[in-house]
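Notes follow once the structure below has been shown.
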Amino acid sequence: MSTDAAWTTERVQVDGRSIYCRRSTGSDSTGPPVIHLHGFAISGEYLMPTARRLADRWVNLVPDLPGYGRSERHDRVLDIPALARSLVAILDAAGIDQAVLVGNSMGCPIGLEVAHTAPERVHRLVLVSPAGGVHNQPLIRALGQLAKDGIREKAAMLPVAVPDYVRFGPVNGLRLFHELTRYPSLERLLGTPVPTLAVLGGRDPLMASPARVREIARRSPEHLSVVLVAEAAHALNYSHPEELAGTIELWLDDAVTEGARLPDGVRLVVPRGGAG
C-alpha cells in the first residue's frame, strides 16, 4: 500500500483478479462514499482532478475497472453488464454498502446498469458526458465524434490517456466502443430509479444538442436534473474539475435548483425532469 498526500492506493480481489483502487483518506464524513467510474480503454487516473476536490467532504474511491489501467486483465473485454457486476463486487470488497456513483462516458452506462439492477447500492448517480445510444450510431459516426473530441480536450491529458489506450489495445478498444454505441443509454436514463444529475459539456461532440437534451429531460423522472458546462468537451472530469466538483457538491446538498448560484460557466438546463 502506498500513499499520496491524503490518498492511498490499495488492491481488492474481484472474481480472483486484482483490482487497483485509489482511496481518499482526508474526510471523516459518515455519508456514502463517492465512486468515480472511468470511460472506455482508459484508467481512472484522469478522474483524479475532480475526485481530489471532493475528498475534503467525502471518502472518494477511484478504481481501475477489471482489464483497465493497473488492474489485472481478463482474457476477454467485459461488456457493460459484466463491468456493472464487477463494480458491485468492488463495492463489496471495499466494504461499501451504498455509494454515490460519478461516471464519465462509458462510466455512465455502468452506473446506470448498477442503478437498475441493484438500486439499493446507489445513493445518487452523477452522469458526466453520458455516452451510448442513437446519437452515437452508426459506429463510423461515433468514431468521427471521438476524433473531433480529441482535438477539443486539453493537451495535458495526452500523457495521461495515451499509455492507457496503448495498453488496452486498438482492437479491444474498437470492440468495446462499438458495444457502447449500442447501449440503450436513453432508455436507461428515462427509467433511472435513483436521484440522478446529468452534467453535459457544451463542446462535447458525442452529446446531443442542448435542445434535444432538454426535450429528453422533460420526459424523465422528477429526480433527474441536467446542467451544462458551456466550455467543456467530453472529459470534463479532467478539464473542468472545479466546475464539476462544485456542481456535484451543491447537488449532494440539494442546492441545484432554479435561481441557485452555480460555479462560473455552469448553467441549469432542466431543474428537474418533467419540470419544463
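Each residue takes its place number in the sequence, starting with 1.
The CG atom of Leu224 sits 8.0 Å away from the CG atom of Leu197 when rounded to the nearest 0.5 Å. Atom CG of residue Leu262 and atom CG of residue Leu250 lie 6.5 Å apart, to the nearest 0.5 angstrom. With rounding to the nearest 0.5 Å, the separation of CD1 in Ile42 from OG in Ser105 is 9.0 Å. The distance from the CZ atom of Arg22 to the CZ atom of Arg70 is 6.5 Å, given to the nearest 0.5 Å. Thr196 contributes atom OG1, which lies 4.5 Å from atom CG of Leu125 (distance to the nearest 0.5 angstrom). The distance from atom CG of Leu37 to atom CD1 of Ile110, rounded to the nearest 0.5 Å, is 6.0 Å.
Between the side chains of Glu153 and Tyr238, not a single donor N or O lies within less than 3.5 Å of an accepting N or O.
Grouping the Ile, Leu, Val, Met, Phe, Trp and Tyr side chains by contacts below 4.5 angstrom, directly or via other members, places Val227 with Leu252. Val128 and Val114 sit in two unconnected hydrophobic clusters of ILVMFWY residues. Membership requires side-chain heavy atoms under 4.5 Å apart, directly or through other members. Cluster annotation: Val62 is connected to Val160 through the hydrophobic network of ILVMFWY side chains, with a link wherever side-chain heavy atoms come within less than 4.5 Å. Under a hydrophobic clustering in which Ile, Leu, Val, Met, Phe, Trp and Tyr are joined whenever their side-chain heavy atoms come within less than 4.5 Å, directly or via other members, Val102 and Met48 fall into different clusters. Follow the hydrophobic side-chain contacts under 4.5 Å out from Val34 and you never reach Val88; the two are in separate clusters.
Residues that satisfy the side-chain hydrogen bond (donor to acceptor under 3.5 Å, both in side chains) test with His36, not counting sequence neighbours, are Asn60. With sequence neighbours excluded, no residue satisfies salt bridge (Lys or Arg N to Asp or Glu O under 4.0 Å) with Glu72. Judged as a ring pair (Phe, Tyr, Trp, His ring centres under 6.0 Å), and not counting sequence neighbours, the contacts of Tyr68 are His38, Phe168. Every residue two or more places apart in sequence or in another chain was checked for a salt bridge (Lys or Arg N to Asp or Glu O under 4.0 Å) with Glu231, and none qualifies. For Tyr46, there are no ring pair (Phe, Tyr, Trp, His ring centres under 6.0 Å) partners, not counting sequence neighbours. Not counting sequence neighbours, the partners of Ser43 by the side-chain hydrogen bond (donor to acceptor under 3.5 Å, both in side chains) test are Asp164. Partners of His240 under the ring pair (Phe, Tyr, Trp, His ring centres under 6.0 Å) rule, at least two apart in sequence or in another chain, do not exist in this structure. Taking Arg11 as the reference, nothing meets the salt bridge (Lys or Arg N to Asp or Glu O under 4.0 Å) condition, with sequence neighbours excluded. Applying the salt bridge (Lys or Arg N to Asp or Glu O under 4.0 Å) rule to Asp253 yields the partners Arg57; only residues at least two apart in sequence or on another chain are considered. Remark: Asp264 engages no residue in a side-chain hydrogen bond (donor to acceptor under 3.5 Å, both in side chains) (not counting sequence neighbours).
Considering every non-hydrogen atom in both His223 and Pro193, the closest pair reads NE2-C, 3.9 Å. Minimum heavy-atom separation, Gly103 to Cys108: O-SG, 3.2 Å. Of all the heavy atoms in Val100 and Val126, the pair that sits closest is CG1-CG2, 4.5 Å. Of all non-hydrogen atoms in Ser71 and Gly67, the two that sit nearest each other are CB-N, 4.4 Å. Across Leu61 and Pro63, no two heavy atoms sit closer than the pair O-CD, 3.5 Å. Between Ser29 and Trp58, the shortest heavy-atom contact is OG-CD1, 3.6 Å.
Within the 4.5 Å cutoff, side-chain heavy atoms of Pro66 are placed close to those of Ile19. Annotation: side chain of Leu127 is not in contact with side chain of Arg188 (no heavy-atom distance under 4.5 Å).
Atom CD of Glu258 has 12 or fewer neighbouring heavy atoms from other residues, nucleotides or ligands inside a 6.0 Å radius.
Salt bridge annotation for Arg85-Glu113: absent, with no cationic side-chain nitrogen under 4.0 angstrom from a carboxylate oxygen.
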CA sep, side-chain torsions, deciding dist, call: Leu65, Ser86, side chain to side chain contact (heavy atoms under 4.5 Å, CB included): CA-CA 8 Å; Leu65 294 171; Ser86 293; 5.7 Å; no

Residues Tyr183, Met106; criterion side chain to side chain contact (heavy atoms under 4.5 Å, CB included); working and verdict: CA-CA 10 Å; Tyr183 184 82; Met106 182 191 73; over 6 Å; no

Side chain to side chain contact (heavy atoms under 4.5 Å, CB included) evaluation trace for Leu87 with Leu101: CA-CA 10 Å; Leu87 175 58; Leu101 303 184; 4.2 Å; yes

Please table the atom pairs, donor to acceptor, closer than 3.5 Å between any side-chain atom in residues 91-99 and protein atoms at least two apart or in another chain.
unit_1, atom_1, unit_2, atom_2, d
Asp92, OD1, Arg121, NH1, 3.0
Asp92, OD1, Arg121, NH2, 2.9
Gln98, NE2, Glu120, O, 3.2

Donor-acceptor pairs under 3.5 angstrom involving side-chain atoms of residues 241-248: please list them, not counting sequence neighbours.
unit_1, atom_1, unit_2, atom_2, d
Thr247, OG1, Glu243, O, 2.8

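Side-chain N or O atoms of Ser129 include none that pairs as donor or acceptor with a backbone N or O of Leu200 at under 3.5 Å. In this structure a side-chain-to-backbone donor-acceptor pair under 3.5 Å is present from Asn104 to His234.
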